[in-house]
Amino acid sequence: MKTKNLSILGSTGSIGTQSLETARKCGYSVSALSAYSNVDLIEKQIREFKPSVAALVDENAAKELKNRVSDTNTRVLSGLSGVCECASQDGADTVINAVVGMAGLRPTLTAIECGKKIALANKETLVAGGQLVTRKARENKVDILPVDSEHSAIFQCLQGQPSNRALKKIILTASGGPFFGKTKDELSKVTVADALKHPNWSMGQKITVDSATMMNKGLELIEAVWLFSVSPEKVEIVVHRESIIHSMVEYDDNAVIAQLGLPDMKIPIQYALTYPERIESLTGELDLTKLGTLTFYKPDYDTFRCMTVCREAITRGGLYPAYANSANEQANLMFRKGEIGFLDIGELVERVMNEAPNVTEYSADDIDEADSEARRLVLKYAKKR
Ligand code: NDP
Ligand code: MG
C-alpha cells in the first residue's frame with residue numbers, strides 16, 4: 001500500500017516533528033495529529049497541515065486547544081481514547097507512532113485492528129507487547145515498518161534475502177552514548193545534564209537517558225527479536241562510536257551487509273513511508289573520506305547492566321520484557337527529576353524485571369497491569385534506599 005495520508009501520533013516530539021518535515025517534503029497529507037499537552041506546537045501544526053482530527057491526552061490542554069482552533073475544521077479530542085481515534089482515522093492509510101513509552105501500546109493495537117500500515121518509532125510497544133502486537137499484525141495482514149534507525153538498517157539489509165533465509169546473525173550497532181568507557185565509580189557521580197549530552201543524535205529526553213544507560217540498546221535488541229523473528233542469541237551488539245553504520249546482517253556464507261548514512265532520523269522515517277521505493281532525501285550526503293576511520297568495540301555488559309537485563313528478559317519471554325521496560329520508564333523519569341542516581345536505574349530495572357510473573361501468553365490488560373506493578377515496585381525499592 002502506497003503512503004499518501006498520515007496520522008502522526010506524538011507529532012510534537014523529536015520524531016513527530018521530523019515526520020512532519022518529511023510529510024511536507026514528500027507531499028503527503030496529514031489527517032490526524034496527537035500529542036500529550038503541547039498546545040502551542042500542535043496549534044501551529046494544525047494550522048499548517050489542516051488535519052480532520054487532533055488529540056491531546058491532557059484534558060485541560062485539549063480544552064485550551066479546542067478554543068484556540070475553533071476557527072478551523074479540525075475536531076479536537078482528548079485522553080488516550082482521543083489518541084486511539086487518531087490512530088483509526090478513516091482518511092489515513094499510514095500511522096506513524098512516535099509516542100514515547102508504553103502509552104503507545106493501545107494506539108498501535110487500534111491502528112493494527114483498523115488495517116493501517118504502521119511506521120513504528122515507539123519501540124516500547126514492541127518490547128512490552130511484542131507477542132501480542134506481532135500476532136495481531138499478522139492476523140490483520142498489517143505491515144510494521146521500522147523507524148528506529150538500527151531496525152530500518154537491518155530491514156534494508158534484509159531486502160533481497162534468499163528464500164532459505166540463511167540469516168546467521170544481526171549485528172546491532174550502538175553509539176555507546178555519552179558514558180562509553182566509564183567505570184562504575186565514575187558513573188556514580190554523573191549528573192542529569194551529563195546524561196542528556198548525546199554525542200551523535202538529538203532526541204527526546206527519555207531516549208537520550210536510555211542511550212546513556214544503554215537501556216536503549218537492550219530495548220532495541222528485544223525490538224529486533226520481534227520485528228525480524230530471530231532468537232536473542234542471534235543479535236550481537238557492537239559499539240560503533242561514529243553512528244555511521246546503522247546496523248548489519250551476517251548471512252550463512254559469512255557475507256556481512258551493512259547500511260550506512262549520516263546520523264539523521266529523516267532517512268529511516270522517509271524509508272518507512274516510501275518503501276519499497278526510494279526518493280531524494282532532505283538529508284546531507286555521506287562523505288566517507290571526511291570521516292577517515294570507523295571504530296568498533298565490545299559493549300561493557302557488566303557496567304551497563306540494562307543491556308544484560310534486557311537480554312535476560314527476552315530470553316525468559318512472557319511479561320519479563322514488559323516489567324523491564326516499565327521499570328525503566330519509571331526509573332528513567334525519577335533520575336531526570338533528580339530523585340535517584342544514574343546507577344540506580346540499572347539496579348532497579350534488574351530487580352523489578354526478576355519479579356515478573358512467569359507466563360507464556362498475555363493480553364493487553366495483562367501488559368497494563370504489568371506496567372502498574374513494575375512502576376509500583378520501582379517506587380517502593382527506590383524509597384528504601
Ligand atoms: P519526544 O519526547 O521528543 O516526543 C514524544 C511525543 O509523544 C510528544 O509528541 C509527546 O507530546 C507525546 N507523548 C508524551 N507522553 C505521551 C503519552 N502518555 N501519551 C501520548 N502521547 C505522549 O520523544 P522522541 O520523539 O524522542 O521519541 C518517540 C519514540 O521514538 C520513542 O519511543 C523513542 O524511543 C523512539 N525513537 C526516537 C528516536 C529519536 O531520534 N528521537 C530514534 C529512534 C527511536 P508532548 O510534546 O505534548 O509532551
Ligand atoms: Mg535506535
Side-chain angles (χ1 to χ4, degrees), residues 8-21 32-45 54-62 64-65 77-87 96-108 110 118-128 146-155 172-177 196 198 200-211 214-224 227 237 240 243 245-247 259 263-269 272 325-326 328-329 332-333 336 371:
I8 305 180
L9 314 180
S11 67
T12 53
S14 161
I15 295 291
T17 51
Q18 295 182 82
S19 298
L20 282 168
E21 275 181 64
L33 291 172
S34 82
Y36 188 80
S37 64
N38 189 340
V39 181
D40 289 341
L41 185 52
I42 205 166
E43 180 189 352
K44 276 196 198 125
Q45 296 176 341
L56 287 176
V57 176
D58 184 271
E59 304 283 343
N60 289 329
E64 163 81 17
L65 181 66
L77 305 170
S78 64
L80 178 62
S81 62
V83 181
C84 288
E85 205 167 323
C86 289
I96 302 183
N97 189 342
V99 170
V100 61
M102 261 287 294
L105 180 67
R106 298 281 175 168
T108 295
T110 305
I118 300 174
L120 190 70
N122 177 240
K123 63 189 87 184
E124 295 91 347
T125 294
L126 272 181
V127 171
V147 166
D148 211 349
S149 57
E150 295 78 1
H151 304 75
S152 174
I154 297 159
F155 182 62
L172 188 68
T173 53
S175 72
L196 287 174
H198 196 281
N200 307 338
W201 299 95
S202 156
M203 310 180 283
Q205 293 207 348
K206 189 254 177 189
I207 185 176
T208 305
V209 169
D210 283 348
S211 300
M214 301 284 289
M215 181 73 189
N216 185 49
K217 218 39 63 178
L219 296 176
E220 290 185 353
L221 185 164
I222 301 174
E223 189 185 4
L227 279 174
I237 299 172
H240 164 50
S243 299
I245 298 184
H246 298 300
S247 279
Q259 187 260 334
D264 186 325
M265 287 307 295
K266 288 195 282 298
I267 299 178
I269 292 171
N325 175 66
S326 293
N328 176 62
E329 286 191 28
N332 176 314
L333 180 68
R336 280 181 279 145
D371 180 51

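When reading the values below, keep in mind they use all heavy atoms of this one structure, side chains included, and skip hydrogens, waters and symmetry mates. All figures in this text were calculated on a predicted structure; none of them were measured in a lab. In listed order, ligands and their atoms are each counted from 1.
Judged purely by atom type and a 3.5 angstrom limit, T208 uses its side chain to pair as donor or acceptor with the backbone of G204. Of the possible donor and acceptor atoms, one in the side chain of T173 sits under 3.5 Å from a partner among the backbone N and O of H246. In this structure a side-chain-to-backbone donor-acceptor pair under 3.5 Å is missing from E223 to H151.
Residue A98 approaches ligand 1 through these ligand atoms, each under 4.0 Å from one of its heavy atoms: 5 (C), 6 (C), 7 (O), 28 (C).
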Could you list the donor-acceptor pairs under 3.5 angstrom formed between side-chain atoms of residues 77-87 and any protein atom two or more places apart in sequence or on another chain?
residue: S78; atom: OG; partner: E59; partner atom: OE1; Å: 2.8
residue: E85; atom: OE2; partner: R75; partner atom: NH1; Å: 3.3
residue: E85; atom: OE2; partner: R75; partner atom: NH2; Å: 3.2

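Here E220 pairs with K123, K217 under the salt bridge (Lys or Arg N to Asp or Glu O under 4.0 Å) rule; sequence neighbours left out. Listed by chain and residue number, nothing satisfies the ring-ring contact (aromatic ring centres under 6.0 Å, His included) test with Y36 (two or more places apart in sequence, or in another chain).
Of the candidates V99, T17, D58, I207, the one placing a heavy atom closest to atom 29 (C) of ligand 1 is V99. Here atom 27 (O) of ligand 1 lies nearest to I15 when heavy atoms of L41, I15, L120, L9 are compared. Around atom 32 (O) of ligand 1, the closest heavy atom drawn from Q205, M203, E124, H198 belongs to E124.
Taken to the nearest 0.5 Å, the NZ atom of K266 stands 4.5 Å off from the CD atom of E21.
Below the 2.8 Å limit, the Mg ion (ligand 2) has as protein N, O or S neighbours D148 OD1, E150 OE1, E220 OE2.
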